[in-house]
Amino acid sequence: MSTSWAIEASEVTKVFGSIHALDGLSFTVKPGEVYGLIGPNGAGKTTALRIVSTLLLPTSGSVKVFGLDVVQKAAEVRKIISYLPEDAGAYRYLSGWEYLEFMAKFNAQNREEACAMVREAAEISGLGDRLKDKTKAYSKGMKRRLLVARALMLKPKLAILDEPTSGLDVIHSYHVREIIKRYVREHGVTVLLSSHNMLEVEHLCDRVALINKGKLVAEGAPRELKEKFGCTNLEEVFAKVVKIA
Ligand code: ATP
C-alpha cells in the first residue's frame, strides 16, 4: 500500500538542540500532485523538505519517497528526486549554459542525454542568449530561473522546490509557475514545494499543508480550506489558522 504514495511522511520529528523544528509531522502526497507546504517563518518547511531530500536525518519518524525510505535507501531516493534549495547559487564564473552542462554531466548516462538535458533546461529557463553570460552577471530572478531549469531538466519523479519563485517579479514568477505546471502535465512529475506566496499556492497546488511550530495544523485543496474556514482566500485561512494554533 505504501508504494502508492509519492511521499509518505509519518510522525517526523527533528530536534536541533532545544529547538523542535518538526514535531510529529505527517502527510502524504499522491503521484502527479503538486503539494505545497506553507507556514510562518521558522515553521519547519525547509527542515521537512531537506529530510525528504535525504540531506538531513530525522530525529524520529519516517519518510518514504515512492516506497523508498529516505534514511535506509537514501542513494536510491537521490536517483529519482531533484532538490532546489531556498538559497541555491550557481557557479559565478561559469556561463548559464556551462553551468547546465556541468550539472547535466553528473546526472546523464551518456553525452546525448546530457545534451538533451541542457537543451531542455535552456528552453525552460527562457534565458535565451543570456545563457552565454557568466552567472555572476545575472539578476536574482535570472539565477532562480536557471536553477529551477536545472532542477526540472532531470525529469525527476519528485521535484522538491524550496520557494521556487523567491525573489522573482510578477512576470518571472508567472513564467516559473507555468513551467512547473507544464512539467507536471507533460512528464507526470510530482512536486513538493514551499512558498510564502499564497496566490502562487492557490494557483499551483492541488493540496496544501499548513505547518506551524513543526506541526500540521490544516490540510486540503485550497478550495476546501477556504470553505472550511469561511475565507475568501488562502491568506485569510493562513492568518486564521496560525492564530488559532
Ligand atoms: P522560513 O519560512 O523562515 O524559511 P521554515 O519554515 O523553512 O522558515 P526552518 O528553516 O525549517 O523553517 O526552521 C525551523 C526551525 O528550526 C527554526 O526555529 C530554525 O531556527 C531551526 N533550525 C533549522 N535548521 C537549523 C540548524 N541547522 N540548526 C539549528 N536550528 C535550525
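Atoms within a ligand are numbered from 1 in the order they appear, just like the ligands themselves.
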Cation-pi check, Lys136 onto Tyr93 ring (under 6.0 Å, within 45° of axis): no
Pairing residues for Lys143 by the side chain to side chain donor-acceptor pair (under 3.5 Å) criterion, not counting sequence neighbours: none
Contact residues of ligand 1, where a non-hydrogen atom lies under 4.0 Å away: Phe16, Ile19, Ala21, Pro40, Asn41, Gly42, Ala43, Gly44, Lys45, Thr46, Thr47, Glu86, Glu163, His196
For Lys181, I'd like to know if atom NZ has over 12 heavy atoms of other residues, nucleotides or ligands within 6.0 Å. yes
Those residues that, when tested against Ile211, pass side-chain contact (heavy atoms from CB on, under 4.5 Å) (two or more places apart): Leu25, Leu37, Ala43
Could you give all pairs that pass the salt bridge (charged side-chain N to carboxylate O under 4.0 Å, His left out) test and reach residues 15-28, with sequence neighbours left out? Asp23-Lys215
Please determine whether salt bridge (Lys or Arg N to Asp or Glu O under 4.0 Å) holds for the pair Glu224 and Lys228, giving the CA-CA distance in whole Å, both sets of side-chain angles, and the decisive distance to 0.1 Å. CA-CA 6 Å; Glu224 287 167 4; Lys228 183 173 172 194; over 6 Å; no
